[in-house]
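Worksheet: the structure to be examined is printed underneath.
Each chain gets a letter, A, B and so on, in the order its sequence line appears, and its residues count up from 1. Being a predicted model, the structure only gives us computed values, none of them experimental.
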Amino acid sequence: MSRFSREDHIFTDEMPFREEYTPSSLQERTEELDDYEKALSPIARGYSPKNIFLYGKTGVGKTVGTHYILNELKDAVEDYDDVTLTVVTISCRNLSSSYQVAIKLVNELRSITGRKKIASTGYPSEKVYNLLFEEMDKIGGTILCVLDEIDGINNDDDDLLYRIPRARTNSDVEHCDPGIIGISNDYKFKEGLSPEVLDTLCDEELNFAPYDAEELHSILSHRASNAFHDGVIEDDVLPLASARAAQDSGSARQALRLLYKAGELARENDSETVTSEHVESAQSLLEMGKVKEGIRDSTSQDHVILCSILDLALDGKTPTRTRTIHERYEKFAETVNVDPLVQRRMYDRVSELLRRSFLDMDVKNEGYRSGRYYEYELAVSIETVLEALQNVERVDPLVNRLEKKRNGNTNRNKNKYKQKRFD
DNA sequence: ACTCCACAGGAATTGAGGGGTG
DNA sequence: CACCCCTCAATTCCTGTGGAGT
């Protein structure tokens, strides 16, 4: 077989594993969709929309389910001439303030009416709201604002979530009926909201539970039957993949990724079939890949901090406290021309690395003499960090140095080992 | 029981950088 | 052009706190 042969004994030409692939029906979510439908039913009957708060972890069908049910609603509404429905969907990821969300909504609405977009900053807040309500009034009818990843919005800046549902009663709009569908994977987001917002936003609350192993199995076998050639999947593969994904996250996306990766491995190894071993190695590869990607996507500051902790680890000085990290960090920052942050600020970055579980932390307390402090160490292997930071231009000199140091260490260990053997 | 350390982490402030209007 | 609005990283300042030493 030639290296670039298009023959593929594992995968078929169909590609139900692609990220953008939307299944024609949503499996294992009938109950949730029924509730969803009920919550939306007033719209079809010509009443004002209820506001909906939808929560559930990633990959449990929130976004897909929303698309699916809103398309059905749109179809249904087309038959009634007394109802017009407009849906705007935006993702609030990276939008931390009401202001930014409002701007994005305005631009989304303007792209529907084909008008010019507005700049992302510069206007007074009230002006942006006015623009938003103006656009809504121009479109008219029922307007549903789907705010995906709504937890991106700061809890103390939730003005917009209050203004949209109340726009009608506050006479901000006259010719339309706006409603919000908020989607979040963080249930706690609700707790931080101000009481007024909570009251208006959560007319209806829907929960998408994680898939259990059985449900994942059913989803996987449905997709696998299209994606793989007959008989290439061994019997224990699907149960294993669904069990792993159910245990970890209950995410269909994760389960599908796992199965796909396992298939890729089988293909690369010229294996006749996909086996449970492929699933196992696929899982560890995916986990490692996620960590590396996460590290690579961090800022230069984070990279320098990681290098500092890594260096301390090579010296056998981890777990280590903030103060020590900062000392080394300042030196490292200088060698790679990064403006060093003050300790307080570096500590914020460290906390962030901790939150993203690249680090582990322990509380220490030495009372009267040495007070209370935290100790950190790497939560991932030294090799993983080094590999991730390879070819990151900014910290190249540091990485080289650390690599030499590590090699020195391993050589020394080897020598130690030799000596022991000769003893 | 009380003291006192070191620093975690909240709050206020600043200043640069995006852009607006008249 | 002068002047204003919003954002966000960074800095400075400050208060709160757990528990070993006294």
Side-chain angles (χ1 to χ4, degrees), chain A residues 90-110 115-135 147 149-164 188 191-194 297-306 308-309 312 317-334 336-377 379 394-395:
Chain A
I90 63 168
S91 164
C92 302
R93 179 196 289 254
N94 304 329
L95 305 181
S96 59
S97 66
S98 281
Y99 185 89
Q100 293 170 314
V101 175
I103 298 252
K104 195 155 178 188
L105 273 176
V106 170
N107 283 334
E108 202 58 36
L109 287 166
R110 285 198 165 195
R115 297 179 55 211
K116 238 180 86 191
K117 296 194 171 183
I118 60 172
S120 61
T121 176
Y123 305 96
S125 307
E126 206 48 38
K127 172 105 191 198
V128 177
Y129 288 142
N130 287 338
L131 282 170
L132 175 61
F133 294 132
E134 214 173 276
E135 289 303 318
L147 306 180
E149 304 188 68
I150 196 172
D151 39 320
I153 305 174
N154 267 339
N155 274 327
D156 52 359
D157 187 8
D158 49 15
D159 215 25
L160 186 72
L161 305 181
Y162 177 78
R163 299 278 305 255
I164 292 182
K188 273 182 269 159
E191 291 168 13
L193 292 172
S194 53
D297 290 346
S298 309
T299 62
S300 303
Q301 291 288 359
D302 293 336
H303 292 156
V304 178
I305 294 171
L306 278 172
S308 315
I309 300 175
L312 287 163
K317 288 183 182 158
T318 50
T320 180
R321 54 158 77 194
T322 320
R323 189 203 300 172
T324 323
I325 298 175
H326 190 248
E327 281 164 16
R328 195 146 313 196
Y329 157 82
E330 277 185 312
K331 279 183 205 139
F332 277 11
E334 203 181 326
V336 292
N337 268 327
V338 169
D339 287 340
L341 302 172
V342 293
Q343 186 174 321
R344 175 68 185 85
R345 183 66 190 138
M346 189 204 77
Y347 163 77
D348 279 344
R349 309 296 323 165
V350 170
S351 305
E352 180 66 16
L353 290 172
L354 181 73
R355 198 190 56 77
R356 299 203 282 152
S357 53
F358 299 141
L359 300 178
D360 280 331
M361 182 264 279
D362 241 346
V363 192
K364 288 275 164 175
N365 197 326
E366 319 232 326
Y368 194 90
R369 210 183 293 289
S370 307
R372 209 169 85 87
Y373 56 90
Y374 289 167
E375 277 192 341
Y376 304 89
E377 65 187 327
R394 200 63 187 262
V395 289

Please check the phosphate of C:dA10 (OP1 and OP2 only) for any side-chain N or O of A:R345 closer than 4.0 Å.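 Answer is yes, contact under 4.0 Å.
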C:dC8 OP1/OP2 closer than 4.0 Å to side-chain N/O of A:Q100: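 Yes, within the criterion.
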Within the distance-only criterion (no hydrogens, no angle test), does the side chain of A:H326 pair as donor or acceptor with the backbone N or O of A:L341 below 3.5 angstrom?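 It does hold such a pair.
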Please walk me through it: do A:S298 and A:H303 pass side-chain contact (heavy atoms from CB on, under 4.5 Å)? CA-CA 7 Å; A:S298 309; A:H303 292 156; 4.0 Å; yes
Atom OH in A:Y373, atom OG1 in A:T322: separation rounded to 0.5 Å? 10.5 Å
So, A:K331 and A:E334, do they make that salt bridge, N to O below 4.0 Å? no
Quick tally for nucleotides 11-22 of chain B: nucleotides whose base has a protein heavy atom under 4.0 Å get B, sugar-phosphate-only ones S, the rest -, giving -------BBS--
Rounded distance in Å - [atom1] ([X]) to [atom2] ([N]):
X      : N      : atom1 : atom2 : value
A:Y99  : C:dC4  : OH    : C1'   : 11 Å
A:D159 : C:dT7  : CG    : P     : 11 Å
A:Y376 : B:dA6  : OH    : C1'   : 13 Å
A:H326 : C:dA10 : NE2   : P     : 12 Å
A:D348 : C:dC8  : CG    : C1'   : 13 Å
A:Q343 : B:dA6  : CD    : C1'   : 10 Å
A:Y373 : C:dG19 : OH    : P     : 13 Å
A:E352 : B:dG9  : CD    : P     : 13 Å

Is it true that [Y] and [X] share a donor-acceptor pair across their side chains at a distance under 3.5 Å?
X      : Y      : value
A:S98  : A:R163 : no
A:T299 : A:D302 : yes
A:Y329 : A:Q343 : no

Touch class at under 4.0 angstrom, heavy-atom based, for A:S351 against every strand present: nothing
Identify whether any heavy atom of A:Y347 sits under 4.0 Å from a base atom; if not, whether one sits that close to sugar-phosphate; answer base, sugar-phosphate or nothing. base
Would you check, one step at a time, whether the test salt bridge (charged side-chain N to carboxylate O under 4.0 Å, His left out) holds for A:E352 with A:R355? CA-CA 5 Å; A:E352 180 66 16; A:R355 198 190 56 77; 2.9 Å; yes
Show me the pairs that pass salt bridge (charged side-chain N to carboxylate O under 4.0 Å, His left out) and involve residues 318-330 of chain A, at least two apart or across chains.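 Salt bridge (charged side-chain N to carboxylate O under 4.0 Å, His left out) check on residues 318-330 of chain A returns A:D311-A:R328, A:D315-A:R328.
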Can you sort out which residues in residues 356-371 of chain A have a heavy atom within less than 4.0 Å of DNA chain C? Ascending by number, please. A:N365, A:E366, A:G367, A:Y368, A:R369, A:G371
